[in-house]
2 protein chains.
Amino acid sequence: MELTERKKRILRAIIESYIATAEPVGSKAVAQLAGLDVSSATIRNEMADLTDMGLLEQPHTSAGRIPSASGYRLYVNELMDEHQLTMQETQRINEALEMRMEELDRVIDRAGKVLSKISDYPVFSMTSVKDIVTVRRYDLLMVEENAFIAVVMTDTSVVRNKIIRIPDELSEPQLQMLSTILNSSFTGLSMDQMRQALEKMETHSTPGAFRMIQLVVEFALEVLGDLRRQTIHTAGITHLLEHPEYKSLDKAKPLMRCLSNEDDAARLPIPFDGNQNMNILIGPENVNEAFRDTSVVMASYDIGDNMRGVIGVVGPTRMDYAKVTARLSYFADSLTRMFGKGELPPASGPDDLE
Amino acid sequence: MELTERKKRILRAIIESYIATAEPVGSKAVAQLAGLDVSSATIRNEMADLTDMGLLEQPHTSAGRIPSASGYRLYVNELMDEHQLTMQETQRINEALEMRMEELDRVIDRAGKVLSKISDYPVFSMTSVKDIVTVRRYDLLMVEENAFIAVVMTDTSVVRNKIIRIPDELSEPQLQMLSTILNSSFTGLSMDQMRQALEKMETHSTPGAFRMIQLVVEFALEVLGDLRRQTIHTAGITHLLEHPEYKSLDKAKPLMRCLSNEDDAARLPIPFDGNQNMNILIGPENVNEAFRDTSVVMASYDIGDNMRGVIGVVGPTRMDYAKVTARLSYFADSLTRMFGKGELPPASGPDDLE
DNA sequence: GATTGGCACTCCGTGTCTTCGAGTGCTAAA
DNA sequence: TTTAGCACTCGAAGACACGGAGTGCCAATC
């Protein structure tokens, strides 16, 4: 059966009405909404066709129609109008994004909160590393005789520190030497290589010095592992409860559990197609069971040269795709611009040690 | 009216049954549960008395009784048995707490998650500073000609860092000098004092040097502000949904909103009585409107010398106080021990600069 | 052939009524 | 003081009718 122009208009009218009201749409309502000058009976025939084509569903024999997942898919791919952000909206986003650059984790977290607030949906955000991250340099700062701060900087310019306590006393020159060893033997390596280098070192160095190197390298491994682990932040999960599709707790709970990241097992298995910078997953297109009646709209943005972030909006399949995609893409662009502005330095540059 | 021993036993039986089942308890059930060798009619008389005394309530004329807030209060204060943790439970807590010491924020966050998991209730955790925090020392690490890392360490031994980019090039000796200035003029000061010192410095120093000092001091102010801000973490809020009292979304939503910290306005206004290290707030004892039907059990623990953490469990008034208090106090003790163990160095000690 | 009005049918949601059962309060007897 | 008995209350659950919204189909019309 052919999808005529009129069918498309009807489908679109149904979807947009359903997005707005969450109520099944009847033929009479469509007759008015679609702006077609035909009677409800005609619409009924067309709607029956659309149902046959799998684009609509009827919850019960005598209810109106609701869009199916493939109906939404068609809508998103072909029918949807570009939603234009109002000045107010862009202004609000800009203001909200005027955050000071702090540690990357916090920025990501804040960004999620902001987006959740302006989109009224839950938001998850995560970062991932394009290539392997390595340590670019180590700095050791003396605190007391038996404690120093280890500062580790990765080639992605993430800096982390930790206070390391040691049993024995330590002099400033010893610390210098340690630093030299670390910077010459434990930079630019993958995690495995670092572990190997550590093993090798154990055999031909004094136990005391080795112990301290081990402590620092273990911290560095933690940092690298942490960066690889793709920490996921979520914000605004209670927005879920504002939508009628989640008024039944049975629906809401597994999703909220998953979003709030409480089962370590059930992570968000989000496949992101790297070829485009905006992805939409509608209902059953999600692999994760908890997301069967849920849609995810996500966008990626660059953080420096070697990292990328993904930020996504989660909502019922009935979510307002036009608005969400518009806001999300503006948001992701802003983030890319923000991170590109050089607040976070580029990953290149010589190893410039003290 | 006097609260006889038998009345207490009856009250206790009712509360413990209600805690277990969330169903109003009838006289017949109590006759069995309380282990008193009297008939249900006698129990009825006693229950009528307890209701008059405000310790029980009846939802409807012909339902059983449920405990009132003051009933719970009496139970918590006098009637409750010390719940003994099983070996399994302590072991589970110990294992879960075997976390590596990272940044304080992360540790607090993890601790909340762990406690939430073992208690099956939502948990919030926050830190607060006993006195004013000051910067103990600054370290500046060269990265490139026009970027350096500022490492700020507070007298509470929190270490934070930030990459600072500057327009002009900078030499190693210049950086050294900067560091000396910072460490001599901007340590041990309150935030206001730091701002004043910065103003004073502006008048009698070259603009270029001042600009850089300003950037570092501003970062330090951020850090101090951050520490004062009492970041609150929450974990396991979806556990709320497991309890029948929150099956109605109207009940659950405001509470979840508050817990997930989404309204910046409505923080958790938790009054903690510092004189004892375990606090229980039952239902209407909570000032916050969203917590009227909710109880909070919280404990405090020490972090180093100048900080304390508060970690609390949130649940329905019907929550299992005996179990929760037992687990929570063990947990808080473990945390105190953990932080005391010197993984995080004490706040004292001379300013030991490089 | 497409469109339309008409009509019977389906199904849901609502309101009402009844029944059932659990639990109470009271009274009188032990 | 305790207990058995009994009437009473009230909510929960089931049965039933009703109205409304929407559909599908058919015959008439353009």
Side-chain angles (χ1 to χ4, degrees), chain A residues 1-11 13-15 17-18 20-68 71 244-245 247-248, chain B residues 1-11 13-15 17-18 20-68 71 244-245 247-248:
Chain A
M1 196 178 313
E2 200 195 352
L3 190 63
T4 62
E5 198 55 39
R6 191 170 71 180
K7 281 193 174 59
K8 284 184 187 172
R9 269 180 88 161
I10 291 173
L11 178 61
I14 291 174
I15 291 183
S17 162
Y18 187 67
T21 65
E23 299 285 330
V25 191
S27 52
K28 208 166 173 183
V30 176
Q32 294 190 307
L33 287 168
L36 297 165
D37 230 5
V38 292
S39 78
S40 66
T42 312
I43 303 283
R44 276 204 288 286
N45 291 328
E46 296 283 53
M47 282 166 77
D49 289 350
L50 287 169
T51 307
D52 286 343
M53 296 162 80
L55 298 171
L56 293 180
E57 283 169 357
Q58 42 188 341
H60 317 287
T61 319
S62 82
R65 301 296 213 289
I66 62 174
S68 71
E245 24 274 281
K247 71 178 190 305
S248 139
Chain B
M1 198 177 311
E2 202 197 352
L3 191 62
T4 63
E5 198 54 40
R6 193 170 71 181
K7 281 194 172 63
K8 284 185 188 173
R9 269 179 88 161
I10 291 173
L11 178 60
I14 292 174
I15 290 182
S17 163
Y18 187 67
T21 66
E23 298 285 331
V25 191
S27 53
K28 210 168 172 183
V30 176
Q32 295 191 309
L33 287 168
L36 298 165
D37 230 5
V38 292
S39 77
S40 65
T42 312
I43 303 282
R44 274 204 290 286
N45 291 327
E46 297 283 53
M47 282 166 76
D49 289 349
L50 287 169
T51 309
D52 286 343
M53 295 162 79
L55 298 171
L56 294 180
E57 284 168 357
Q58 41 188 341
H60 316 288
T61 318
S62 82
R65 301 296 212 289
I66 62 174
S68 71
E245 24 274 281
K247 69 177 192 303
S248 141

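In the text below, chain A, chain B and the rest are named by the order of the sequence lines, each starting its count at 1.
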Point to revise | Whole angstrom value for the distance that separates P of D:dG24 from CE of A:Met47 | key: 8 Å

Review point. Does anyone know the first and last nucleotide of DNA chain C in reach of chain B, 5' to 3', at under 4.0 angstrom to a heavy atom?
Key: C:dA22 to C:dG25

Please enumerate all protein N or O atoms sitting under 3.5 Å from an N or O of nucleotides 8-12 of chain D, with distances to 0.1 Å.
residue : atom : partner : partner atom : Å
D:dT9   : O2   : B:Ser62 : OG           : 3.4
D:dC10  : O2   : B:Ser62 : OG           : 3.0

Check your understanding: Which pair of heavy atoms, one from A:Ser68 and one from A:Glu57, lies closest together, and at what distance?
Key -> CB-OE2, 3.6 Å

Study note, to complete from the structure: Tightest non-hydrogen contact, residues B:Arg65 and B:Ile14, listed as O-CG2, 4.1 Å

Exercise for review: May I have the distance from A:Tyr18 (atom OH) to D:dG22 (atom P), rounded to whole angstrom?
Suggested key: 14 Å

Review point. Contact class for A:Ala41 vs. all strands (heavy atom < 4.0 Å): base, sugar-phosphate, or nothing?
Key: base

Study note, to complete from the structure: For B:Pro67 and B:Tyr18 the tightest heavy-atom approach is CD-CD2, 3.5 Å

Practice item. May I have the distance from B:Lys28 (atom NZ) to D:dA4 (atom P), rounded to whole angstrom? Key: 12 Å

Study note, to complete from the structure: Nearest heavy-atom contact between A:Arg6 and A:Glu46 is NE-OE2, 2.7 Å

Exercise for review: Starting at atom CG of B:Asn45, determine the distance to atom C1' of D:dT1, rounded to an integer number of angstrom.
Suggested key: 10 Å

Review point. Counting heavy atoms not belonging to B:Lys7, are there more than 12 under 6.0 Å from its NZ?
Key: yes

Check your understanding: Could you state the CG-C1' distance from A:Leu50 to D:dT23, rounded to the nearest angstrom?
Key -> 15 Å

Check your understanding: When we call it a touch if two heavy atoms are under 4.0 Å apart, what does B:Ser39 touch: a base, just sugar-phosphate, or nothing?
Key -> sugar-phosphate

Study note, to complete from the structure: Result for 5'-nearest mapping on DNA chain D, choosing between B:Glu46 and A:Ala29, is B:Glu46

Revision key, fill the gap. To the nearest angstrom, the CG-P distance between B:Asp37 and D:dT1 comes to 19 Å

Exercise for review: Return no unless some side-chain N or O of A:Arg65 is found under 4.0 Å from OP1 or OP2 of D:dG24.
Suggested key: yes

Point to revise | Non-hydrogen atoms of A:Ser39 and A:Ala31 that approach each other most closely | key: C-CB, 4.5 Å

Check your understanding: Looking only at heavy atoms, what is the nearest atom pair of B:Val25 and B:Ser17, with distance?
Key -> CG2-OG, 3.5 Å

Check your understanding: Could you state the CG-C1' distance from B:Asp49 to D:dT1, rounded to the nearest angstrom?
Key -> 13 Å

Check your understanding: Has B:Asp37 got more than 12 heavy atoms of other residues, nucleotides or ligands less than 6.0 Å from its CG?
Key -> no

Check your understanding: Would you say A:Arg9's side chain and A:Ala34's backbone share a donor-acceptor pair under 3.5 angstrom?
Key -> yes

Exercise for review: Considering just the side-chain nitrogens and oxygens of B:Arg6, establish if one lies under 4.0 Å of OP1 or OP2 belonging to D:dT2.
Suggested key: yes

